[in-house]
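Each remark here refers to the structure printed beneath this line.
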Amino acid sequence: MLATKAKSAGEKLLTIVNDVLDLARLEAGVVDLSNEPIDVPEVARSAVELCAERALAKEVALNAEVAGALPTVRGDASRLRQILVNLMGNALKFTELGQIGLRISSQGDTLVMTVSDTGVGIPTDQLERIFERFEQAPGAASRFGGTGLGLAISRRLARQMGGEITVRSRVGEGSVFTVTLPGA
């Protein structure tokens with residue numbers, strides 16, 4: 001029991017340290033992302049696989065869908081996975097009942113990846129603030145934990161790959177995070 005708690009605490013600390021280092025590297029401009037064709041369905045499958053156990057433990061449905069043909073996207077597959085895991089991890093953190101969905105589709109030559117949840121939602125006046133480093137919606141840190149770095153890192157990574165992350169949300173109804181990446 002004590003060993004399990006120590007291991008869990010160590011893993012959380014390692015995650016925090018890695019997030020701080022990632023953000024520092026991104027802000028310093030020293031993160032070199034690969035620029036290779038990405039197998040988006042495979043990246044999505046592995047991201048869902050990484051989050052599936054937590055979803056099962058919370059009894060929250062985790063659904064994934066690839067809708068139609070996807071454009072070829074170039075970038076860093078491991079960093080795209082990091083973005084998706086972060087978005088689904090946040091959705092899991094803030095969703096007590098209901099479901100989380102990952103939908104991957106295209107709009108013309110643009111890849112569109114949407115992570116939706118039926119969680120607590122985010123107040124409208126906080127929607128842009130949550131992408132700033134060390135920021136969370138009021139009360140989120142004390143109630144749900146976290147450092148407020150994941151979304152800042154994810155947005156910077158998406159932008160380095162020529163894309164963007166946006167959010168829509170309603171308090172009490174959930175949130176929808178959309179990642180767009182240009183086709184190659």
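These values consider heavy atoms only, across backbone and side chains, with no hydrogens, waters or symmetry-generated copies.
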What side-chain donor-acceptor pairs closer than 3.5 Å can you find for residues 104-113, not counting sequence neighbours?
from, atom 1, to, atom 2, distance (Å)
S105, OG, R103, NH1, 3.4
S106, OG, A69, O, 3.3

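For the atom pair CD of E132 and CZ of R129, the computed distance is 7.5 Å after rounding to the nearest 0.5 Å. R168 CZ to T166 OG1: the interatomic distance, rounded to the nearest 0.5 Å, is 7.5 Å. Separation of atoms CZ (R79) and CG (L33) is listed at 6.5 Å; rounding is to 0.5 Å. To the nearest 0.5 Å, atom CG of residue L56 and atom SG of residue C51 are 13.0 Å apart. A distance of 9.5 Å separates CG of L149 from CZ of R156, quoted to the nearest 0.5 Å. Expressed to the nearest 0.5 Å, how far OG1 of T114 lies from CD of E65 amounts to 10.0 Å.
A 4.5 Å side-chain heavy-atom check between L62 and V48 finds at least one atom pair inside the cut-off. By the 4.5 Å heavy-atom criterion applied to side chains, L84 and F177 are not counted as neighbours. No side-chain heavy atom of Q99 sits under 4.5 Å from any side-chain heavy atom of D117.
Screening residues 172-184 for side chain to side chain donor-acceptor pair (under 3.5 Å), with sequence neighbours left out, gives S169-S175. Pairs passing the side chain to side chain donor-acceptor pair (under 3.5 Å) check and including a residue from residues 38-49, sequence neighbours excluded, read E42-R45, R45-E49, S46-R81. Identified under the salt bridge (charged side-chain N to carboxylate O under 4.0 Å, His left out) test for residues 174-184, with sequence neighbours left out: none.
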Open item on the list: Run D76 and N35 through side-chain contact (heavy atoms from CB on, under 4.5 Å) and show every step you take.
Closed with: CA-CA 6 Å; D76 192 310; N35 186 23; over 6 Å; no
Task: Residue pair T118, L97: steps toward the side-chain contact (heavy atoms from CB on, under 4.5 Å) verdict - done: CA-CA 7 Å; T118 56; L97 298 170; 5.9 Å; no
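Of all the heavy atoms in L102 and A44, the pair that sits closest is CD2-CB, 3.9 Å. Of all heavy-atom pairs between V66 and L70, the closest is CG1-CD1, 3.8 Å. For the residue pair V115 and A91, the shortest heavy atom distance occurs at CG1-CB, 4.3 Å. Of all heavy-atom pairs spanning I165 and R155, the tightest one is O-NH2, 2.8 Å. In this structure, F131 and L151 approach most closely via the heavy-atom pair CD2-O, 3.8 Å. The nearest pair of heavy atoms linking R74 to I38 is C-CD1, 4.2 Å.
Side chain of K58 to main chain of E53: no donor-acceptor pair is present (N/O by atom type, distance under 3.5 Å, no hydrogens or angles). Side-chain N or O atoms of N86 include none that pairs as donor or acceptor with a backbone N or O of S154 at under 3.5 Å.
Summarising the hydrophobic clusters (Ile, Leu, Val, Met, Phe, Trp, Tyr; side-chain heavy atoms under 4.5 Å, direct or chained), the residues clustered with V176 are none. In this structure, V85 shares a hydrophobic cluster with L50, the cluster being traced through Ile, Leu, Val, Met, Phe, Trp and Tyr side chains under 4.5 angstrom apart.
Atom CZ of R54 is surrounded by more than 12 heavy atoms from other residues, nucleotides or ligands within 6.0 Å.
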